[in-house]
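None of the values given here were measured: they were computed from a predicted structure.
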Amino acid sequence: DYLNAIERNKESLRMRKELFSEENPAHQDILESLYRLEFTYRKQGWEYKKNAEHDEAIRYFTLGIKIRNEVYAKTGNIESYRPIAIALSAVSCILLEQRKYDEALKYCKDALVKREALYAKFQNPDDLVDLFRSLSNTGILFYNKKLYSNAMASFSRCEEILNNKDEHKIPEEELTQQKKVLETAKKYASIEQKIIAKINKLSPKCTDAHLKISVSKVEEEILVDYCKALSINLKNDILALGKKDIAFFRKIIADAENPD
């Protein structure tokens with residue numbers, strides 16, 4: 001029962017802080033209580049996640065992150081990054097399931113930064129597996145946000161890991177899934193790059209009327225390219241793509257015309 005264990009660990013931490021804080025805020029007994037409390041918070045988070053109680057899961061993962069950040073502040077030991085990254089990734093996955101892509105990406109990037117630091121320091125094969133997973137998750141989030149070139153950058157780093165390491169310990173099912181998503185992302189990224197290239201050729205000196213005609217032509221060309229990339233038979237109707245696809249490409253064109 002992790003909830004009861006949490007209460008016991010909180011009481012243990014309180015008592016040990018009373019005993020040792022003045023002498024040494026990073027006393028080993030205090031750290032041990034912090035480790036145990038973070039562990040039980042994280043375990044309870046998994047229980048809530050398993051039962052699809054997402055708000056509670058996020059709350060407990062976040063409590064665990066806070067504890068480990070306290071440990072890191074006391075010790076400066078980046079090994080605290082491992083449980084922090086696990087919890088950050090778990091929260092990111094929950095938010096991904098809820099299609100809260102912006103929030104999920106924030107947590108995922110934070111986990112990625114920590115895993116990059118861990119692997120850079122320790123060169124541990126297990127840290128490399130975790131780094132691969134964070135890169136893959138980041139790519140999937142970019143993919144869901146329709147930022148295909150960004151997704152490609154993350155997936156390409158995944159490929160580098162696979163190509164440069166003889167023993168990466170990455171499970172076969174994860175490799176198969178990642179490769180499938182990568183191939184689809186490549187198609188979309190190619191189309192996105194074509195859109196940007198063609199829009200960049202439009203003269204900024206065009207009149208509004210002329211620009212509308214030009215954009216319309218570019219849009220039609222890109223939609224055709226899009227269909228070809230996905231092996232869709234257009235037949236005689238470009239609207240076979242569906243309104244959502246057309247609206248998406250119109251948005252990309254508009255963004256390209258009016259950069260921030």
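For the residue pair R36 and N9, the shortest heavy atom distance occurs at O-ND2, 3.4 Å. Shortest non-hydrogen contact noted between F155 and S136 is CE2-O, 3.7 Å. Closest approach of L135 and S154 over heavy atoms only: O-CB, 3.5 Å. Between Y143 and A151, the closest heavy-atom pair is N-CB, 3.8 Å. Across all their heavy atoms, Y107 and S92 have their closest contact at CB-CB, 3.9 Å. Taking all atoms of both residues into account, the shortest heavy-atom contact from R68 to S80 is NH1-OG, 3.5 Å.
The number of heavy atoms from other shown groups lying within 6.0 Å of CZ (F20) is above 12. Within 6.0 Å of the CG atom in D55, the count of heavy atoms belonging to other residues, nucleotides or ligands does not exceed 12.
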Walk me through whether H54 and E97 qualify under side-chain contact (heavy atoms from CB on, under 4.5 Å).
CA-CA 10 Å; H54 293 144; E97 290 172 15; 3.6 Å; yes

Quick one: do L34 and K74 satisfy side-chain contact (heavy atoms from CB on, under 4.5 Å)? Show the steps, please.
CA-CA 11 Å; L34 288 168; K74 291 177 183 295; 4.0 Å; yes

Go through it in stages, so that I can follow the logic: the residues are K106 and D102, the test is salt bridge (Lys or Arg N to Asp or Glu O under 4.0 Å), and I'd like the CA-CA distance, side-chain angles, deciding distance and then a yes or no.
CA-CA 7 Å; K106 181 179 70 173; D102 290 334; over 6 Å; no

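No chain of hydrophobic side-chain contacts below 4.5 Å, direct or via other Ile, Leu, Val, Met, Phe, Trp or Tyr residues, connects Y35 to I84. Linking Ile, Leu, Val, Met, Phe, Trp and Tyr whenever their side-chain heavy atoms come within less than 4.5 Å puts Y101 and L105 in one cluster. If you chain together hydrophobic residues whose side chains sit under 4.5 Å apart, L3 and I67 fall into the same group. When the side chains of ILVMFWY residues are joined at heavy-atom separations under 4.5 Å, either directly or via intervening members, I30 and L19 end up in a single hydrophobic cluster. Transitive grouping of hydrophobic side chains (ILVMFWY, heavy atoms separated by less than 4.5 Å) brings L95 and I65 into a common cluster.
Distance check: R16 CZ to E32 CD gives 6.5 Å after rounding to the nearest 0.5 Å. Atom OH in Y60 sits 14.0 Å away from atom OH in Y2 (nearest 0.5 Å). The distance from the CG atom of N137 to the SG atom of C108 is 5.0 Å, given to the nearest 0.5 Å. Taking CG of D130 as the reference point, atom OG of S89 lies at 7.5 Å (rounded to 0.5 Å). To the nearest 0.5 Å, atom CG of residue L128 and atom CZ of residue R115 are 11.5 Å apart. Y119 contributes atom OH, which lies 9.0 Å from atom CG of D127 (distance to the nearest 0.5 angstrom).
Salt-bridge formation is detected for the pair E7/K10: a Lys NZ or Arg NE/NH1/NH2 atom is positioned less than 4.0 Å from an Asp or Glu carboxylate oxygen. Ion pair K43/E47 not flagged as a salt bridge, since none of the NZ, NE, NH1 or NH2 atoms sits closer than 4.0 Å to an Asp/Glu carboxylate oxygen. The pair E11-R14 counts as a salt bridge, with a side-chain nitrogen and a carboxylate oxygen less than 4.0 angstrom apart.
Residues K114 and Y72 have side chains not in contact (no heavy-atom distance under 4.5 Å, counting atoms from C-beta outward). Residues L118 and L131 have side chains not in contact (no heavy-atom distance under 4.5 Å, counting atoms from C-beta outward). A 4.5 Å side-chain heavy-atom check between K66 and T62 finds every atom pair outside the cut-off.
Remark: R59 fails to qualify as a cation-pi partner of Y48 under the 6.0 Å distance and 45° angle criteria applied to the six-membered ring.
No donor-acceptor pair closer than 3.5 Å links the side chain of S12 to the backbone N or O of R8. Distance alone, capped at 3.5 Å, is enough to place a donor-acceptor pair between the T75 side chain and the V71 backbone. The backbone N or O of D126 lies less than 3.5 Å from a partner atom in the side chain of N124, making a donor-acceptor pair.
Under the salt bridge (charged side-chain N to carboxylate O under 4.0 Å, His left out) test applied with E116, the options K121, R157, K109 reduce to a single match, R157.
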